[in-house]
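Structure first, commentary second.
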2 protein chains.
Amino acid sequence: MSLIQSSKNNYIKDLRKLARKKERLAQQRYLIEGIHLVKEVLKSNAKVQAVLATEAFEQSAWLDGVAVQWISGEVAKTLGETITTQGIFAVIELPELERPATLNGAWLLLDQIQDPGNIGTMVRTADAAGFNGVVLGQDSADLYSPKVVRSMQGSQFHITIYESDLLTWFADFKAAGIPVYGSELNEGAADFRTIKSQNDFALVMGNEGNGMQASLLEMTTKNLYIPIKGQAESLNVAVAAGILMFQLSATN
Amino acid sequence: MSLIQSSKNNYIKDLRKLARKKERLAQQRYLIEGIHLVKEVLKSNAKVQAVLATEAFEQSAWLDGVAVQWISGEVAKTLGETITTQGIFAVIELPELERPATLNGAWLLLDQIQDPGNIGTMVRTADAAGFNGVVLGQDSADLYSPKVVRSMQGSQFHITIYESDLLTWFADFKAAGIPVYGSELNEGAADFRTIKSQNDFALVMGNEGNGMQASLLEMTTKNLYIPIKGQAESLNVAVAAGILMFQLSATN
């Protein structure tokens, strides 16, 4: 394939626009960057529209059989998030998701989480903990922003992530007889260590500053609390999510 | 006190230099920013050299009795990490620490952690989990860099943090008969859930990419592993630290 040498190339200009949510929705695709993520997506079922790489990757055996669009180092710099870009990218179609046929397994629900790094880290942890999927409620930071994508480290290719109204999911879990555990910074809630590990459940984590919405806290099966022993006012939400996910999910 | 209106004021220029480690060591002080952190330090035993604030804080009752150096909004912008600074700062002396008289309680040891946000989050989690202190080994990111300070959220005023050679601490724990638990991404290590909670122990977390140094792994009492159930290759180190700290530390 030919080499794109100009950062003013229209295709490259379109890809650069994918840093913005509006453009990701309009173009129905997003960009990933770096060797690790490109390898992950090539192993996955995600729809890869293109792989772009600099000539530094011409001898990379792991790209054998992949139709690579070659780009110059200068073009790579304009696409990359940092000047020290590795020089390899892939363009991925936004997935079209149908509601799951069953709600079995473990689910992580995110209520108005704002920090992209927190969202990405929680998706990665849910993957590591063997969760079935993640549901991002409305008013969360966007799932396919460059920062979220970087901190997910490819876990979006392993587990399913929905962007949806949490209330609908609450109702579906209730109808299926599956417990929904809220989390709150409230000593009146249940100590998380009193909950036995289990196979089928949903865990809800709330906004960094304000926690879960009160209206959602009222609709859970039970709300959990991680006792704070020191003087810190709270835990980072991604750390709290990790502690709860590994406590709640069955160990086998 | 008079108002500093020029960002070229020599004192302000010295404070701006504190973003660099070399200058923090030379001046033996560091800068904190924001209402939350300034409130935390005023409640603590830390040595506060100065509080600087814009006129927006003139009516703040919580600053009654505090000798505030007033600064203009323009000066605040040059001191702040972001343009949207809250306009309040404090200058803190680097603490002079003596080795603790006893190693009782729980300790977190960090081996070559590179990401400032990870260090800060782990210090905050150690505080929340009721740990006695944290020891940063050599080749870690600097404890008083602006990013670490921001993510510690004031926990450095609640628990003691040492920057030291980990080998010396290992020897001291061993001499005191206190177990040191390493952590590694190795299914041959002990499943962390098999370790009972306890009062006196040290937990070691390793570098984001490479884990703990092999030489340290050999010197621990036992090395722990968090079983990964999904396809994620690993957990974020701060999440893993949170899971281990809350598993290991006694619940009472």
Side-chain angles (χ1 to χ4, degrees), chain A residues 36 39-40 43-44 105-106 108 115 117-118 120-134 151-159 185 191-194 197 199 208-209 226-247 249-252, chain B residues 36 39-40 43-44 105-106 108 115 117-118 120-134 151-159 185 191-194 197 199 208-209 226-247 249-252:
Chain A
H36 174 72
K39 281 186 177 176
E40 285 286 317
K43 282 191 294 186
S44 79
L108 177 68
D115 180 80
N118 284 339
T121 302
M122 286 192 274
V123 169
R124 177 181 168 197
T125 309
D127 177 11
F131 273 48
N132 257 13
V134 176
S151 57
M152 286 195 287
Q153 296 210 357
S155 285
Q156 76 270 35
F157 308 129
H158 307 151
I159 62 175
L185 199 61
D191 184 332
F192 79 105
R193 300 190 215 238
T194 63
S197 67
N199 289 309
E208 288 88 347
I226 300 176
I228 303 284
K229 290 171 69 186
Q231 298 175 66
E233 289 177 7
S234 63
L235 288 165
N236 167 278
V237 66
V239 171
I243 293 168
L244 294 175
M245 283 192 261
F246 274 84
Q247 169 78 17
S249 58
T251 53
N252 49 40
Chain B
H36 174 73
K39 281 186 176 175
E40 284 287 316
K43 282 191 294 185
S44 78
L108 177 67
D115 182 80
N118 284 338
T121 301
M122 286 191 274
V123 168
R124 177 179 168 198
T125 308
D127 178 12
F131 273 46
N132 255 14
V134 176
S151 57
M152 286 195 288
Q153 297 209 358
S155 284
Q156 75 270 34
F157 307 129
H158 307 151
I159 61 175
L185 200 60
D191 184 331
F192 78 104
R193 301 189 215 239
T194 62
S197 66
N199 288 309
E208 289 87 347
I226 300 176
I228 303 285
K229 291 172 69 185
Q231 297 175 66
E233 290 176 8
S234 63
L235 289 165
N236 167 279
V237 66
V239 171
I243 293 168
L244 293 175
M245 283 193 261
F246 274 84
Q247 169 78 15
S249 58
T251 53
N252 47 42

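Per chain, numbering begins at 1; letters A, B, ... match sequence-line order.
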What pairs with A:Glu208 under side-chain hydrogen bond (donor to acceptor under 3.5 Å, both in side chains), at least two apart in sequence or on another chain?
->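 Partners of A:Glu208 under the side-chain hydrogen bond (donor to acceptor under 3.5 Å, both in side chains) test: A:Asn118.
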
If you count heavy-atom pairs within less than 4.5 Å of chain A, which of [options] leads?
options: B:Gln153, B:Glu233, B:Met245; result: B:Glu233
options: B:Ala238, B:Ala232, B:Ala126; result: B:Ala232
options: B:Arg193, B:Met152, B:Met122, B:Arg124; result: B:Arg124

Options A:Ile228, A:Asp191, A:Thr121, ranked by heavy-atom pairs under 4.5 Å with chain B, top entry =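 Option with the top pair count is A:Ile228.
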
Side chain, backbone, both or neither of [X] within contact of chain B (heavy atoms, under 4.5 Å):
X: A:Thr125; answer: both
X: A:Ser234; answer: both
X: A:Ile226; answer: side chain
X: A:Ala129; answer: backbone

Are the side chains of [X] and [Y] in touch, meaning some heavy atoms are under 4.5 Å apart?
X: A:Ile243; Y: A:Leu235; result: yes
X: A:His158; Y: A:Glu40; result: yes
X: B:Phe192; Y: B:Pro227; result: yes

Report the residues that fulfil ring pair (Phe, Tyr, Trp, His ring centres under 6.0 Å) with B:Phe131, sequence neighbours left out, ordered by chain and then residue number.
->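 Applying ring pair (Phe, Tyr, Trp, His ring centres under 6.0 Å) to B:Phe131 gives B:Phe201.
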
Considering all heavy atoms, the nearest B:Gly105-B:Asn132 contact |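 Taking B:Gly105 first and B:Asn132 second, the nearest heavy atoms are CA-ND2, 4.0 Å.
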
